[in-house]
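Working notes for the structure below.
The structure presented is a predicted model; accordingly, all values stated were derived computationally and were not measured. Computed from heavy atoms alone, side chains included, the values below leave out hydrogens, waters and symmetry copies. Chain letters run A, B, ... following the sequence lines, proteins first and then strands; every chain starts at 1.
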Protein chains: 2
Amino acid sequence: MPVTLKQLAERTGKSITTVSRALAGYDDVSEETKKLVRRVADELHYTPNFLARSLQKRRSRTISLILPTDSPRFSDPFFSEFLTGVANMAAECGYDLLLSVQAPGEGEMELYQRKVSSGQVDGFVVVRTRRRDPRIAWLYKSQVPFVAFGRTENGADFPFVDVDGVKGMRLIGEHLIGLGHRRIVFLSSPSELLFVEHRLDGLRQAMTTHGLDPDEMRILQGDLTQKSGYEATVSLLDGGNPPSAIVACNDLMALGAMSALHERGISVGPDIAVTGFDDIPMAEHAHPPLTTIHQPIYEIGRKVCEKLVRLIAGEELASRSEILEPRLIVRSSCGSLRKQPDQTGR
Amino acid sequence: MPVTLKQLAERTGKSITTVSRALAGYDDVSEETKKLVRRVADELHYTPNFLARSLQKRRSRTISLILPTDSPRFSDPFFSEFLTGVANMAAECGYDLLLSVQAPGEGEMELYQRKVSSGQVDGFVVVRTRRRDPRIAWLYKSQVPFVAFGRTENGADFPFVDVDGVKGMRLIGEHLIGLGHRRIVFLSSPSELLFVEHRLDGLRQAMTTHGLDPDEMRILQGDLTQKSGYEATVSLLDGGNPPSAIVACNDLMALGAMSALHERGISVGPDIAVTGFDDIPMAEHAHPPLTTIHQPIYEIGRKVCEKLVRLIAGEELASRSEILEPRLIVRSSCGSLRKQPDQTGR
DNA sequence: ACTCTAAACCAAAACGTTTTGGATGTCAAG
DNA sequence: CTTGACATCCAAAACGTTTTGGTTTAGAGT
């Protein structure tokens with residue numbers, strides 16, 4: 001039912017070839033003909049058939065992002081912002097974004113393979129990189145264009161964008177230690193996510209630098225959700241001997257921790273300091289506002305996508321990988337400030 | 001480079017037709033041949049070319065979801081959960097999900113038209129329906145399959161899933177009034193989103209039922225973000241004559257409002273009650289935990305997607321539209337409870 | 001020996017593009 | 001008059017499927 005090149009050819013009295021080339025702007029078509037064709041195409045509301053074009057060009061102008069979540073309910077304000085960054089940049093570059101959900105493990109690699117060998121997508125945005133990441137190993141060896149948000153352990157030379165988590169957490173650690181905190185608990189995640197490790201390392205470095213023994217730091221396991229931060233903190237408090245500071249490896253868990261503290265009537269900031277990482281919008285409006293590390297997540301999304309588009313087009317990337325500087329946002333959850341105006345500059 | 005039917009035909013000594021039909025399971029192919037073809041296909045890791053197939057079948061098995069956001073940064077925990085619901089169900093039905101971002105207005109309709117007339121997608125999931133929604137008007141008249149999450153004003157007979165916002169807010173209103181609240185402020189949104197109107201109506205109904213004059217209720221404008229809830233509340237408090245309860249039309253704004261109250265040293269619950277709507281994960285862990293209306297957003301995503309797939313397949317829907325019952329979740333932000341265990345049953 | 005049926009197969013067309021490799025006509029230079 | 005250059009056009013092939021409309025072969029029935 002939709003208008004095709006064939007119909008345009010009939011209406012204009014030209015051949016399909018000429019119509020196609022006229023619309024594409026080739027200069028072996030006279031100006032006059034181009035105008036005619038364009039006019040008729042507009043009149044009939046011609047839209048090129050995406051499938052036919054992609055089939056012939058062997059390019060779908062579509063990129064894929066596969067959400068590696070196992071919990072069916074996936075609620076992360078951080079991610080939706082990243083996603084809009086990717087989607088917006090993709091649109092600007094004339095690309096489409098295909099979104100899938102697939103838990104790590106069983107069937108994960110098959111999905112990646114299928115997407116590419118079916119010709120459906122030209123490349124991938126890889127998120128939540130793992131220490132030894134089979135997705136990256138495969139994509140790399142198969143020469144499929146991809147850009148990751150995050151790194152892997154075996155520093156392979158693949159294109160990625162990341163925030164310097166080690167440094168970020170070092171900033172947090174130094175800030176806390178500077179405030180006099182000595183008994184610190186780290187709220188971690190048991191998964192094989194590498195960024196968690198980076199952040200822990202950063203904290204350790206800060207401690208070492210200031211003559212503290214990192215091995216004495218307690219580490220609690222969560223799973224990056226607010227709930228798990230809450231639960232870990234509850235059990236921490238139940239165990240007695242509370243710390244002076246709780247350092248969570250992301251904002252969501254930090255908010256959960258604050259929740260548990262409040263519940264026990266413990267004043268966050270003065271009594272026990274809490275810090276996060278990410279600077280999700282909510283961090284600014286928490287009680288008290290959360291000290292954290294800002295990640296320009298929307299821009300990272302855009303950057304990742306832009307790199308990917310370049311890669312697909314066959315351009316050489318000036319900088320294959322990019323590690324962004326973290327920015328410490330001091331708010332009152334660590335006790336150094338008391339009800340001050342906002343510091344983010346957002 | 002990928003394996004094609006042609007190559008399978010060569011390897012098996014059969015024709016392309018037979019290979020195609022063998023894989024599709026037609027019964028004019030002998031069992032023996034089918035086995036042979038399947039074996040060879042497995043060996044060579046054959047994956048059908050998605051584009052060629054879609055082109056010929058005139059079905060892309062892809063559905064589109066266009067995020068109607070104007071702010072480039074879009075951070076909504078509510079939405080990412082909806083999205084995973086849609087994506088998971090789509091995957092289960094063998095469909096893919098194409099995600100785009102496009103602000104309402106200028107160019108919005110063109111995007112919808114282009115997606116369908118280019119043959120790229122078979123149908124749409126429409127979110128954030130507006131009172132008079134041009135997307136729905138167009139999709140309806142063009143006979144393009146779609147299912148909406150939310151309704152429009154001119155109760156046209158299109159397929160949708162929604163939660164009964166009127167009733168939900170009535171539950172909230174009655175609860176608050178039952179607790180003795182009389183001076184209520186509604187945190188609204190200036191947009192033409194219909195659900196906001198429903199919620200306001202529900203609150204008004206509750207007031208009327210209990211002999212209160214809804215016209216005396218103050219209404220503040222926000223834009224559904226936490227920040228706007230915060231700001232609206234700050235200006236409310238600055239204006240003096242504070243209410244006894246703040247009813248926000250979504251959780252995010254309620255959290256923002258709580259933020260502002262805390263900052264002024266006003267105790268949420270005992271001093272001023274605050275309620276939300278949505279029951280995002282964060283609501284449970286807020287301080288104090290937020291009284292709100294639960295929306296099974298993940299399931300709604302699944303439902304919407306399932307309906308859409310049915311529609312595309314040409315099936316008649318048993319129930320074109322579905323209005324789900326809201327569930328009141330009473331927590332302590334409205335002052336009726338004091339540090340009680342969680343009530344959600346999540 | 002002939003027809004009929006059923007089983008198994010397949011060539012060609014079709015889907016709507018783009019690309020390839022010319023074809024045609026005009027005009028100026030030789 | 002011929003040649004070459006240039007501008008403009010286009011038929012056909014290709015992309016990888018599925019569908020259409022058959023054909024071929026073997027065996028059964030008469």
For the student: nearest non-hydrogen atoms of B:V127 and B:I66, plus distance: CG2-O, 4.3 Å

Got a sec, which residues hit salt bridge (Lys or Arg N to Asp or Glu O under 4.0 Å) with A:K303, two or more places apart in sequence or on another chain? A:E322

Does A:Y26 put a side-chain nitrogen or oxygen below 4.0 Å from OP1 or OP2 of C:dT19? yes

List the protein contact pattern of nucleotides 8-17 of chain C with one symbol per nucleotide (5' to 3'): B for base contact, S for sugar-phosphate-only contact, - for none; contact means a heavy-atom distance under 4.0 Å. BBBBB-BBBB

The criterion is salt bridge (Lys or Arg N to Asp or Glu O under 4.0 Å); which residues satisfy it with A:R132, sequence neighbours excluded? none

Taking only residues two or more places apart in sequence, or in another chain, which ones meet A:D122 in a salt bridge (Lys or Arg N to Asp or Glu O under 4.0 Å)? none

For A:D28, salt bridge (Lys or Arg N to Asp or Glu O under 4.0 Å) partners two or more places apart: A:R21

Which side-chain hydrogen bond (donor to acceptor under 3.5 Å, both in side chains) pairs, counting each pair once, include a residue from residues 91-108 of chain B, with sequence neighbours left out? A:K115-B:D96, A:Q120-B:D96, B:E92-B:R302, B:E108-B:R130

Would you list the pairs meeting salt bridge (charged side-chain N to carboxylate O under 4.0 Å, His left out) in which at least one residue belongs to residues 53-68 of chain B, sequence neighbours left out? none

Would you mind writing out the side-chain donor-acceptor pairs for residues 33-40 of chain B within the sub-3.5 Å range, not counting sequence neighbours?
from, atom 1, to, atom 2, distance (Å)
B:T33, OG1, B:S30, OG, 2.7
B:K34, NZ, B:Y26, O, 3.0
B:R39, NE, B:E43, OE2, 3.3

When the C1' atoms of the five terminal pairs at each end define the local axes, what inter-axis angle does the helix from C:dA1-D:dT30 to C:dG30-D:dC1 show, to 10 degrees? 80°

Base, sugar-phosphate or nothing for B:F50? Non-hydrogen atoms, less than 4.0 Å. nothing

